[in-house]
*Asks:* 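A single structure is presented below for examination.
The first residue in the sequence is number 1, and the count goes up from there.
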Amino acid sequence: MFKSSIQTIKLFKDVLLELPEACYSKPCKALSKASIGQHTRHVIELYQCLLEGYSIEEVCYDKRKRDKRIEQDITYAIEQLNNIQKHLVQPDKELYVTYNLNGDEVRIKSNYNREVMYNLEHLIHHQALIKVGVVQLTDVLLCETFGVAPSTLEYKKQCAE
């Protein structure tokens, strides 16, 4: 799980490094006028919430910082991804995840490994969206595994055999 997470983050950084600077924060019509940078910020901040909440065993993804610098500066975003990779591997332990739903606070028991998996799936989902933006805004060629879930890759591999 950690190995896959770290590899997926590395692939994400590789794609970001290929992007022309001007397209990173450019609104994309196919993404409801969101930018690649906004999707990147969203993913990074959920990982940051998990890492920051680890020590106190309490995570609230709703209370992320929404740091505009992440969505406007590729270099800074990559620094944040490097930090996530550096600190992601931690022992599993019980956590509580708090959500605000229609004015009600909901607190759910979870664990660190489960939340790492949630963040990995969330990252892959947003990579698929980012792929749409990259295709629309640039000529950058993406590897075919970018934004594709490991289970889908495995299924395609089995179908090809």
Side-chain angles (χ1 to χ4, degrees), residues 1-19 21 24-25 31 34-101 105-134 140-158:
M1 162 189 62
F2 291 113
K3 182 180 175 184
S4 183
S5 294
I6 290 168
Q7 288 174 338
T8 302
I9 292 169
K10 181 193 179 311
L11 177 60
F12 189 28
K13 291 187 314 185
D14 291 344
V15 168
L16 293 177
L17 286 168
E18 292 290 318
L19 291 180
E21 186 82 32
Y24 181 69
S25 58
L31 298 175
S35 69
I36 292 167
Q38 287 172 318
H39 282 274
T40 301
R41 177 192 51 76
H42 176 72
V43 167
I44 287 171
E45 289 183 340
L46 264 64
Y47 272 108
Q48 289 173 334
C49 285
L50 176 58
L51 293 174
E52 290 166 9
Y54 182 82
S55 62
I56 60 170
E57 300 174 355
E58 187 78 36
V59 177
C60 182
Y61 296 117
D62 297 333
K63 293 182 181 174
R64 56 194 181 274
K65 294 175 185 168
R66 292 171 172 85
D67 182 351
K68 296 279 188 190
R69 186 171 173 202
I70 295 172
E71 67 185 63
Q72 296 168 349
D73 182 344
I74 293 175
T75 303
Y76 184 68
I78 291 169
E79 288 171 12
Q80 302 312 301
L81 290 167
N82 286 336
N83 192 52
I84 291 164
Q85 284 178 298
K86 182 178 174 182
H87 295 98
L88 190 63
V89 179
Q90 308 255 12
D92 191 24
K93 69 177 180 179
E94 188 174 277
L95 302 173
Y96 286 90
V97 181
T98 304
Y99 295 95
N100 293 307
L101 302 171
E105 186 173 278
V106 178
R107 192 168 186 250
I108 300 169
K109 187 188 291 190
S110 186
N111 62 64
Y112 184 68
N113 286 351
R114 167 68 189 96
E115 295 306 311
V116 169
M117 284 302 301
Y118 164 75
N119 274 271
L120 173 59
E121 290 294 323
H122 183 252
L123 170 60
I124 292 167
H125 164 75
H126 279 274
Q127 285 179 338
L129 293 168
I130 288 167
K131 182 186 281 189
V132 171
V134 170
V140 173
L141 297 175
L142 300 173
C143 73
E144 58 184 64
T145 62
F146 185 76
V148 181
S151 60
T152 302
L153 294 172
E154 186 61 33
Y155 176 74
K156 287 181 178 182
K157 181 179 170 184
Q158 290 173 0

*Asks:* Heavy atoms, side chains only, cut-off 4.5 Å: are E18 and L142 in contact?
*Replies:*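 No, side chains not in contact.
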*Asks:* Can Y61 and N119 be counted as having a side-chain donor-acceptor contact under 3.5 angstrom?
*Replies:*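 Distance-only check passes for Y61 and N119.
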*Asks:* I want to check something: taking the side chain as every heavy atom from C-beta on, are K63 and E52 in contact at a cut-off of under 4.5 Å?
*Replies:*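 No, too far: nothing below the 4.5 Å cut-off.
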*Asks:* Run the side-chain contact (heavy atoms from CB on, under 4.5 Å) check on R41 and K68 step by step: do they pass?
*Replies:* CA-CA 8 Å; R41 177 192 51 76; K68 296 279 188 190; 5.8 Å; no
*Asks:* Evaluate the side-chain proximity of Y24 to D73: yes if any heavy-atom separation is below 4.5 Å, no if none is.
*Replies:*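 The answer is no; the side chains never approach within 4.5 Å.
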*Asks:* Do you see a donor-acceptor pair shorter than 3.5 Å between the side chains of T98 and E105?
*Replies:*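 Checked: T98/E105 side chains show no N/O donor-acceptor pair below 3.5 Å.
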*Asks:* Calculate, to the nearest 0.5 Å, the distance between atoms NZ and OG1 belonging to K3 and T8 respectively.
*Replies:*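 These two atoms lie 11.5 Å from each other.
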*Asks:* I'd like to know if the side chain of K131 reaches the main chain of F146, judged simply by a donor and an acceptor atom lying under 3.5 Å from each other, with no hydrogens or angles considered.
*Replies:*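 Between the backbone of F146 and the side chain of K131 there is a qualifying donor-acceptor contact (under 3.5 Å).
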*Asks:* For the side chain of Q38 and the backbone of E71, is there at least one donor-acceptor N/O pair under 3.5 Å apart?
*Replies:*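 Side chain of Q38 to backbone of E71: no pair is present.
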*Asks:* To the nearest 0.5 Å, how far apart are CD1 in I130 and CG in L19?
*Replies:*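 Those atoms lie 8.5 Å apart.
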*Asks:* Hey, does Q48 have a side-chain heavy atom less than 4.5 Å from the side chain of I70?
*Replies:*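 Yes; the side chains approach each other to less than 4.5 Å.
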*Asks:* Please list, chain by chain and in numerical order, all residues satisfying salt bridge (Lys or Arg N to Asp or Glu O under 4.0 Å) with E94, sequence neighbours excluded.
*Replies:*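 Checked E94 against salt bridge (Lys or Arg N to Asp or Glu O under 4.0 Å); matches are K109.
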*Asks:* Going by heavy atoms in the side chains, are Y112 and L50 under 4.5 Å from each other?
*Replies:*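 In short, these two side chains touch, coming nearer than 4.5 Å.
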*Asks:* For the backbone of Y54 and the side chain of K93, can you confirm whether one donor and one acceptor N or O come within less than 3.5 Å of each other?
*Replies:*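 Checked: pair present.
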*Asks:* Take a 6.0 Å sphere around CG of L141 and say whether it holds more than 12 heavy atoms from other residues, nucleotides or ligands.
*Replies:*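 Check fails, neighbour count at 12 or below.
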*Asks:* Would you find a donor on one side and an acceptor on the other, under 3.5 Å apart, between the side chain of H87 and the backbone of N83?
*Replies:*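 Yes; judged by distance alone, with no hydrogens or angles, the pair exists.
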*Asks:* Is any side-chain heavy atom of E45 closer than 4.5 Å to one of Q80?
*Replies:*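 SC-SC contact between Q80 and E45 ruled out.
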*Asks:* As a test of understanding, state which of V97, L51, V59 forms a side-chain contact (heavy atoms from CB on, under 4.5 Å) with E115.
*Replies:*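 The residue from V97, L51, V59 that satisfies side-chain contact (heavy atoms from CB on, under 4.5 Å) with E115 turns out to be V97.
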*Asks:* What distance separates M117 CE from N111 CG, expressed to the nearest 0.5 Å?
*Replies:*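 Rounded to the nearest 0.5 Å, the CE-CG separation comes out at 11.5 Å.
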